Asks: 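Here it is, the structure, as structure tokens.
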2 protein chains.
Amino acid sequence: MARRPAVVTIADVAARAGVSLSTVSRALNGNPTVDPALAERVRAAAAELDYTANPWARSLVSGRTQTIAVVVPDLANPTFQTILRGLGRAAAADDFHVLVSDSAESVDAERTLATTTRRRTDGVILCAPRMPQPDLDALAATLTPLVLVNRTSPDVASVRADYGAALRAQLDDLHRLGHRRILHLSGAPGSASGAQRAKALDAFTAAHPEVDLRRLPCGVDADAGAAAADAVLDSGATAALAFNDLVAVGLLDAVRRRGCRVPDDLSIVGFDDIPFARFTTPALTTAAVPAEELGRAAWVRMRALLSGEAPPPSLTLVPETVVRATTGPPPS
Amino acid sequence: MARRPAVVTIADVAARAGVSLSTVSRALNGNPTVDPALAERVRAAAAELDYTANPWARSLVSGRTQTIAVVVPDLANPTFQTILRGLGRAAAADDFHVLVSDSAESVDAERTLATTTRRRTDGVILCAPRMPQPDLDALAATLTPLVLVNRTSPDVASVRADYGAALRAQLDDLHRLGHRRILHLSGAPGSASGAQRAKALDAFTAAHPEVDLRRLPCGVDADAGAAAADAVLDSGATAALAFNDLVAVGLLDAVRRRGCRVPDDLSIVGFDDIPFARFTTPALTTAAVPAEELGRAAWVRMRALLSGEAPPPSLTLVPETVVRATTGPPPS
DNA sequence: CTGTTAGCGCGTTCAC
DNA sequence: GTGAACGCGCTAACAG
């Protein structure tokens, strides 16, 4: 049984202003074909009654909700938090609301959530780093408007960071410092950025046969980084590149507890530049993924899509290397 | 002009199953007065057509949206992120959606957002740490169902951490260690938890006249903590209690850069136990606010409210002190 | 320029 | 047990 809250409807406003429903609707929606005097009277009545159009009724007829859906794998990940924040604030500035869902790292949930939340919103912005490409393409075909974050699919608007380019820069920096035994903590298998990075790794190996560049499968959080500490130390590598800052932080802490000096004994490089990267000891060298900017850019594309315009071209930002204090020359 | 996407409606299902609209509606809503065989036929038809009821039409008639609104001051704050995560996952488990808004630390925006998002959802969960109590009470009177996080108001469901009790415990620990000159970095003025803490500070001062306990106004983020470093060092205090871990982290980093040894020269205590607190150097002593649990508990109360039940009593969790390595005896 | 009318897609009384 | 009809609150055609 519906609790029907006693709210004021357009009929109340019409009665108070002494006009018809349509006039109220037109006046409040800024339709220019209304007599300015009447429009003013309507606005006054609406204000006195504290009237706001029922969003569901409005959506039912207009097909629009002023709301977008955002799907992320895990709200505990600083990068997604930051993307969400940038996105949310940008959308709010355009009077749009944001429906978030956290897929708990489940690709199935991502697919389901994207579809179900689409039904209650005007479009979806999807972060699905580990969804297989064919699945993503198939999903994208059924989902519009859609903006992808850190993924691409044919004819789909997207914004992404160039993980490959940034990794290349990090490798070059390490090489320039003299490192010849480098370990890459590769994160969970199957991620899209992981593929970009694998390519960069391959290219680097081809270009620098003198470098022993190995990969170590690994998780994506601080615990995973800590768990990898022994393997990293045993590997004899002089530098470790972490999948992200969380992994780097966990690794840094764990190796230091084992008496390893960073960067004297081991250089550590993160990825993302989360807010805390500045505050590790030593401060973490990393690549700054402009997550807030990605969020804003995703909104800009969604907004264009919603107004039927062609969205700005897909955006690729290359994370800038920020050298702090966890990197240095290899031990001699 | 409404883009009317070609979606299947209840009428399509009815036609396919060879029954009336009402039967489809009843069958799909589990109304027991439908012939089981018919119900099955309807479900089959719905499945084949991949039918889902239009949520806006459903909301329009039922008055329910399966969505709740969450308003937070800043999505960049780890505590709110964690609350949101716990809340979101709990709500999702009950098939509810979450509409988030970030007020950008503006009390005005909090008020507005709470009201406007209420109209598109079934209830709101409000984190408004700095809204003056009279304003909060007034807002609460117009907003139902409502669950407050870290605030209370007469007859309003709420979940909170007991900042006073936790601060008391921290002060006792410091006193037991021998500290007699203690500085409290009090955060932005006007926050509710700030008031609780002020009381705890007053009580401690009354009970321990031998202790020089001072307060230093301060912001709520790492930059604020860093900015307070000189003042803290000049004060001659042997221990500093930060408003939250962000402030503590900023302070810790800044004093160490100035050559101050922590905890030998200065003990630092945080508040919240954000994920990163384990990874500072030294690891941060703090009070663990169970943010994820608060989020879950907020949802449990909202769910009760939504089903017309009396919500569980207001919850007050006392953050547990977690002693790590930034605290020790004062310098002798 | 304004009022009347007809849906938007669904849940839910009512009769049958 | 099932179907027809109404109405949720609003916008957009259509007259006037």
Side-chain angles (χ1 to χ4, degrees), chain A residues 1-43 45-46 49-67 116 118-122, chain B residues 1-43 45-46 49-67 116 118-122:
Chain A
M1 189 191 52
R3 288 164 308 132
R4 195 147 297 295
V7 216
V8 324
T9 80
I10 197 171
D12 301 321
V13 180
R16 199 171 210 305
V19 298
S20 75
L21 305 185
S22 354
T23 302
V24 175
S25 175
R26 284 191 280 250
L28 264 27
N29 291 330
N31 188 319
T33 75
V34 215
D35 184 293
L38 256 197
E40 185 45 45
R41 216 165 77 207
V42 170
R43 269 191 293 274
L49 262 37
D50 199 23
Y51 167 78
T52 316
N54 180 315
W56 314 320
R58 191 194 258 273
S59 295
L60 184 56
V61 47
S62 69
R64 267 172 264 108
T65 61
Q66 297 278 107
T67 304
T116 63
R118 170 61 182 95
R119 290 225 63 192
R120 18 186 94 244
T121 59
D122 295 343
Chain B
M1 189 191 51
R3 289 165 308 130
R4 196 146 297 294
V7 214
V8 326
T9 78
I10 197 172
D12 302 320
V13 180
R16 200 171 208 308
V19 296
S20 76
L21 305 185
S22 348
T23 301
V24 174
S25 174
R26 284 191 278 248
L28 264 28
N29 290 332
N31 187 320
T33 77
V34 254
D35 185 293
L38 258 197
E40 185 44 46
R41 216 165 78 208
V42 170
R43 267 192 293 274
L49 262 36
D50 200 23
Y51 167 77
T52 317
N54 180 315
W56 314 319
R58 190 192 257 274
S59 295
L60 184 55
V61 47
S62 70
R64 266 173 264 106
T65 61
Q66 296 278 107
T67 304
T116 63
R118 169 62 183 93
R119 289 225 65 191
R120 17 185 94 243
T121 59
D122 295 342

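Small disclaimer: the values here were computed from a predicted structure and weren't measured. Each chain gets a letter, A, B and so on, in the order the sequences are listed, and its residues count up from 1.
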Asks: OP1 or OP2 of dC10(D) less than 4.0 angstrom from a side-chain nitrogen or oxygen of Y51(A), does that happen here?
Replies: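 Yes, because at least one side-chain N or O of Y51(A) sits under 4.0 Å from OP1 or OP2 of dC10(D).
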
Asks: Measuring from the side chain of T23(A) (C-beta onward, heavy atoms only), which nucleotide among dG3(C), dT2(D), dC10(C) has the closest atom?
Replies: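 Ranking dG3(C), dT2(D), dC10(C) by closest atom to the T23(A) side chain puts dG3(C) first.
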
Asks: What nucleotide among dG9(D), dC10(C), dG1(D) has an atom nearest to a side-chain atom of A53(B)?
Replies: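 Minimum distance to the A53(B) side chain belongs to dC10(C).
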
Asks: Answer yes or no: does a side-chain N or O of N54(A) lie under 4.0 Å from OP1 or OP2 of dC8(D)?
Replies: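 Answer is no, no contact under 4.0 Å.
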
Asks: Any base atoms under 4.0 Å from S25(B), or only sugar-phosphate, or nothing? Heavy atoms, all strands.
Replies: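 Base contact.
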
Asks: Using atom CZ of R64(A) as one end and atom C1' of dC8(C) as the other, report the distance to the nearest whole Å.
Replies: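 After rounding, the reported distance stands at 13 Å.
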
Asks: Taking only side-chain N and O atoms of S20(B), does any of them lie within less than 4.0 angstrom of OP1 or OP2 on dT2(D)?
Replies: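 Looking at the OP1 and OP2 atoms of dT2(D), neither is under 4.0 Å from any side-chain N or O of S20(B).
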
Asks: Looking at V24(A), V34(A), V13(A), which hits side-chain contact (heavy atoms from CB on, under 4.5 Å) with V19(A)?
Replies: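 So, applying the side-chain contact (heavy atoms from CB on, under 4.5 Å) to V19(A) and each of V24(A), V34(A), V13(A), only V24(A) qualifies.
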
Asks: Can you check whether R58(A) has a side-chain N or O nearer than 4.0 Å to OP1 or OP2 of dC10(D)?
Replies: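 Checking R58(A) against dC10(D): no side-chain N or O falls below 4.0 Å of OP1 or OP2.
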
Asks: Could you check which of dT11(D), dG3(D), dG9(C) has an atom nearest any side-chain atom of V19(B)?
Replies: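 Closest of the options to the side chain of V19(B): dG3(D).
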
Asks: Toward the 5' end of DNA chain C, which comes first, N29(B) or G18(A), by nearest nucleotide?
Replies: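 Result of the comparison: G18(A).
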
Asks: Rounded to whole Å, please give me the gap between CH2 in W56(A) and C1' in dT11(D).
Replies: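 So the two atoms are 18 Å apart, to the nearest Å.
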
Asks: Over how many whole Å does the gap from L28(B) atom CG to dG11(C) atom C1' extend?
Replies: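 After rounding, the gap between these two atoms is 12 Å.
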
Asks: Counting only N and O atoms by type, is there a donor-acceptor contact under 3.5 Å from the side chain of D35(A) to the main-chain atoms of A37(A)?
Replies: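 It does hold such a pair.
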
Asks: Students often get this wrong, so: under 4.0 angstrom with heavy atoms, is S22(A) touching a base, only sugar-phosphate, or nothing?
Replies: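 The answer is base, as S22(A) lies within the cut-off (heavy atoms under 4.0 Å) of a base atom.
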
Asks: Taking atom types as modelled, find out whether S20(A) and T23(A) have a side-chain donor-acceptor pair closer than 3.5 angstrom.
Replies: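 Present: a donor and an acceptor within the cut-off.
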
Asks: Under 4.0 Å, heavy atoms only, any strand: does T33(A) hit a base, just the sugar-phosphate, or nothing?
Replies: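 Since a base atom lies under 4.0 Å of T33(A), the category is base.
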
Asks: Is there a donor-acceptor contact under 3.5 Å from the side chain of R26(A) to the main chain of N31(A)?
Replies: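 Between the backbone of N31(A) and the side chain of R26(A) there is no qualifying donor-acceptor contact (under 3.5 Å).
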
Asks: Just how far, in rounded Å, is C1' of dT11(D) from CD1 of I10(A)?
Replies: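 Those two atoms, CD1 and C1', are 8 Å apart.
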
Asks: Return the value, rounded to whole Å, for the distance between atom CZ of R41(A) and atom P of dC1(C).
Replies: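 In whole Å, dC1(C) P and R41(A) CZ are 15 Å from each other.
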
Asks: Any base atoms under 4.0 Å from L21(B), or only sugar-phosphate, or nothing? Heavy atoms, all strands.
Replies: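 Since no nucleic acid heavy atom lies under 4.0 Å of L21(B), the category is nothing.
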
Asks: Roughly, in whole Å, what's the span from CG in L60(A) to C1' in dC8(C)?
Replies: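 To the nearest whole Å, that distance equals 4 Å.
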
Asks: When rounded to the nearest 0.5 angstrom, what is the spacing between CZ in R119(A) and OG1 in T65(A)?
Replies: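 R119(A) atom CZ to T65(A) atom OG1 measures 12.0 Å (nearest 0.5 Å).
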
Asks: Whole Å only: how far is the CZ atom of R119(A) from the C1' atom of dC10(C)?
Replies: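 Going from CZ in R119(A) over to C1' in dC10(C) covers 11 Å.
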
Asks: Kindly indicate whether the side chain of R26(B) and the base of dG3(D) share any N or O donor-acceptor pair separated by less than 3.5 Å?
Replies: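 A donor-acceptor contact between them is present.
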
